[in-house]
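Below is one structure; the comments refer to it alone.
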2 protein chains.
Amino acid sequence: MVNKFAIHVSLSDLDRAAVQGLPHSVRYFESGSYIARDGDLTDHCTVLLSGFAFRHKITGQGLRQILSILIPGDIINLQQLYLDAADHNVQTLTPCKIATIPQVALRTMASDRTAIADALIASTMVDASIYREWMVNIGRRDARTRLAHLLCEFAARLDVQGIAPGQPYELPMTQEQLGDAIGLTTVHVNRTLRGLIKDGLVFQNKRGITFPEWEIFMVEADFNSRYLHLRERGTPPGYSF
Amino acid sequence: MVNKFAIHVSLSDLDRAAVQGLPHSVRYFESGSYIARDGDLTDHCTVLLSGFAFRHKITGQGLRQILSILIPGDIINLQQLYLDAADHNVQTLTPCKIATIPQVALRTMASDRTAIADALIASTMVDASIYREWMVNIGRRDARTRLAHLLCEFAARLDVQGIAPGQPYELPMTQEQLGDAIGLTTVHVNRTLRGLIKDGLVFQNKRGITFPEWEIFMVEADFNSRYLHLRERGTPPGYSF
DNA sequence: CGTTATCTTGACCGTCGTCAAACAGGGTGG
DNA sequence: CCACCCTGTTTGACGACGGTCAAGATAACG
């Protein structure tokens, strides 16, 4: 369970056992609560076991920018073990289950086992790559493409967990949160989403959200999953987006 | 010289010697040339020794988004050693001097010396933090604040290299490039910059760019240097922005 | 000194933001 | 079971920030 976070990172042999043997405690957070706050200092590393969360920052004018969406298996605050205080907030979108690991345990494991250290670095670098793509999205794409791109990213990332990219998934974000993620207002997100639905590219019901024309939708979204680095170095791509 | 990149990252003892002893070759690039391209595979790590460069990506519509500015001491493509192909381009802004280090040398050093591995991770995390702040800047601040923020970041980062934040520095970017960095058009960057100059917040001449009212300017820019993580964990701040 | 890149300015336009109100759904309590 | 909220969605009218197009002015460069 704790080892989830190493799966999509690097092929580790049976030092998976070491990860699974890490001392940790589990905590539960309800929807909307803060897991970490801007300015926090900590000596624990936390991993998201189930549920969804997001990173965000508030500007001097009180505007919020969502920086990334965390899905099960993601490491929440590795950064604070290597730098000083947290520079952003982490808040839950849904009820979440979180594992907390003491810093020392993780660090000694990292220095003992090169493969683990590599996995941590690789994971951090994938995060950075996603940040870069978001910058492109926010800075240089129009509202429609921007929203579509975000929805594609969801589908692609959730797909790794076994859900096919065309399949419905539950989107645990309000339109206000979607707007804060892509630099738009709630109102404009609504209009844009309505437009995508009207054009038959997005289908929505209680079960979740679906993309009837996945191939066309990806083009519309200017989406190419390469930046997610879903495959290992040298691993042949299984399903190509 | 090669060790520059470890200075602002983590206090390493005399394994600085190890860094300085790394096998490397030096290459020179002229202004505007590509150091790395989207899709590149490589087994070398490169470090920027002198000059300025920038990371960027092109959208499907041909629009460019600049992702970060590289200053001397920055590692250019650590990522490609841990992931697969490059997901963005790196291009020079000025003539540049680049050190190239074989992957194996760096990796063995990282696994032998924990402090170095930590420094690499910390450096990657600072990059990620800067990406996050840029997202906030591009997504949630108006043109004037956005431009001012970028200029503040320059001043703060160059300050580490000994230039005081109020001091003039040479801005090696065209207005088109500034626009691509903050998600604006050339024309609007021009108007916005003119506005800042007219209001006495920015002063420009052949020597470079200066901020006569640094304190006021930082407020106007909604700038707080914390996200740059310029100080070590536990190190008291020397000059507070 | 001519050629090209970059900067600057004006007029006009459109995407997206603002303000406001109505509507739907889900939970709570009387 | 039905008022009553509260949160989130939806829609309209209007305005503004920033984009587009185009031209001229400067500066950089061979």
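Predicted model only: the values in this text are computed from it and were never measured. Because only heavy atoms are used, hydrogens play no part in the values below, and waters and symmetry mates are left out as well, while side chains stay in.
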Which listed nucleotide ([options]) is nearest to the side chain of [X]?
X        : options                : result
B:Arg146 : C:dG17, D:dG18, C:dC7  : D:dG18
B:Thr185 : D:dT20, C:dC19, C:dC16 : D:dT20
A:Thr174 : C:dT6, D:dG19, D:dG8   : D:dG8

is_close_aromatic(B:His88, B:Tyr34), centroid dist under 6.0 Å: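 For B:His88 and B:Tyr34, the ring centres are not under 6.0 Å apart.
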
Taking the six-membered ring for Trp and the full ring for Phe, Tyr or His, determine whether the centres of B:Phe211 and B:Trp214 are under 6.0 Å apart.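 Between B:Phe211 and B:Trp214, the centre distance is under 6.0 Å.
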
At 4.0 Å (heavy atoms only), tell me whether A:Gly183 reaches a base, stays on the sugar-phosphate, or touches nothing. sugar-phosphate

How is A:Gly32 classified with respect to the nucleic acid when contacts are heavy atoms under 4.0 Å: base, sugar-phosphate, or nothing?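 Since no nucleic acid heavy atom lies under 4.0 Å of A:Gly32, the category is nothing.
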
Could you tell me how far apart [X] ([atom1]) and [N] ([atom2]) are, to the nearest whole angstrom?
X        : N      : atom1 : atom2 : result
B:Leu193 : D:dG18 : CG    : P     : 15 Å
B:Leu93  : C:dT6  : CG    : P     : 11 Å
B:His188 : C:dC12 : NE2   : C1'   : 15 Å
A:Arg141 : C:dC16 : CZ    : C1'   : 18 Å
A:Met173 : D:dT7  : CE    : C1'   : 16 Å
A:Glu176 : C:dC16 : CD    : P     : 19 Å
B:Ile182 : D:dG19 : CD1   : P     : 9 Å
A:Asp142 : D:dG18 : CG    : P     : 17 Å

Please state whether the base of D:dG18 and the side chain of B:Arg144 form at least one donor-acceptor pair under 3.5 Å? no

Hey, does the side chain of A:Asn190 come within less than 4.0 Å of D:dT9's phosphate (OP1/OP2), counting only N and O?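 The answer is no; no side-chain N or O of A:Asn190 sits under 4.0 Å from OP1 or OP2.
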
Phosphate-side-chain proximity, B:Arg191 and C:dT9, N/O vs OP1/OP2 below 4.0 Å: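 Answer no for this pair, as no side-chain N or O of B:Arg191 is under 4.0 Å from OP1 or OP2.
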
Going by atom types only, do A:Asp180 and A:His56 share a side-chain donor-acceptor pair under 3.5 Å? no

B:Arg132-B:Tyr227 side chain donor-acceptor pair, cut-off 3.5 Å: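 Side-chain D/A pair, B:Arg132 to B:Tyr227: absent.
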
Please report the closest heavy-atom contact between A:Thr92 and A:Phe54, naming both atoms and the distance.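 Scanning both residues, the minimum pair turns out to be O-CE2, 4.0 Å.
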
Using heavy atoms to find the nearest nucleotide of DNA chain C for B:Val187 and A:Ala143 separately, return the residue whose nucleotide is more 5′. B:Val187

